Amino acid sequence: FHAVFRQGGPVRPDELTIEKEVRVWWVYTYSGGFVLTLAFDLYELADIVFEDALIDSFDREQIGVCCVALFLDCWYLQGDAHLLHRMRHRYGTPKPSR
């Protein structure tokens with residue numbers, strides 16, 4: 001997932017050990033789970049829509065639940081991508097003292 005945003009490798013050439021641990025152990029691990037969840041939620045939404053189309057009756061509540069789940073999946077993935085972006089540009093890192 002993160003390779004699409006050019007976030008598949010070190011955040012910077014001078015990446016710290018803790019940054020690598022956060023990137024690999026936390027961000028990539030959790031993003032992978034949410035990519036799978038996103039795929040399952042997309043499948044569920046497609047299943048509901050196509051099944052409802054066959055019987056000519058749409059269950060708005062089920063469709064709404066799937067849309068909320070998809071929104072939350074995307075929100076989490078965007079948050080991980082944003083964290084890696086901030087790590088790349090060292091936002092939130094104390095400035096070295098002179």
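Everything numeric here is computed off the predicted structure, so don't read it as measured data.
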Intermediate values then yes/no, side chain to side chain donor-acceptor pair (under 3.5 Å), D80 and S31
CA-CA 7 Å; D80 278 352; S31 291; 2.7 Å; yes
Taking atom CZ of F34 and atom CD of Q78, what is their separation to the nearest 0.5 Å?
13.0 Å
Here the gap from H82 atom NE2 to L77 atom CG, rounded to the nearest 0.5 Å, amounts to 14.5 Å
In short, A69 meets D41 closest at the heavy-atom pair CB-OD2, 3.5 Å
Please check if V65 and L70 belong to a single hydrophobic cluster, counting links between Ile, Leu, Val, Met, Phe, Trp and Tyr side chain heavy atoms closer than 4.5 Å.
no
Rounded to the nearest 0.5 Å, what separation is found between the CG atom of D73 and the CG atom of L36?
10.5 Å
Taking a hydrophobic cluster as the set of Ile, Leu, Val, Met, Phe, Trp and Tyr residues connected by side-chain heavy atoms closer than 4.5 Å, whether directly or through intermediates, do F40 and Y43 fall within one such cluster?
no
How many angstroms lie between atom CD1 of I48 and atom SG of C66, to the nearest 0.5 angstrom?
3.5 Å
Over all atoms of both residues, closest heavy-atom pair of L38 and C74
CD1-SG, 4.0 Å
Using 0.5 Å steps for rounding, measure from the CD1 atom of I63 to the CD atom of E44.
11.0 Å
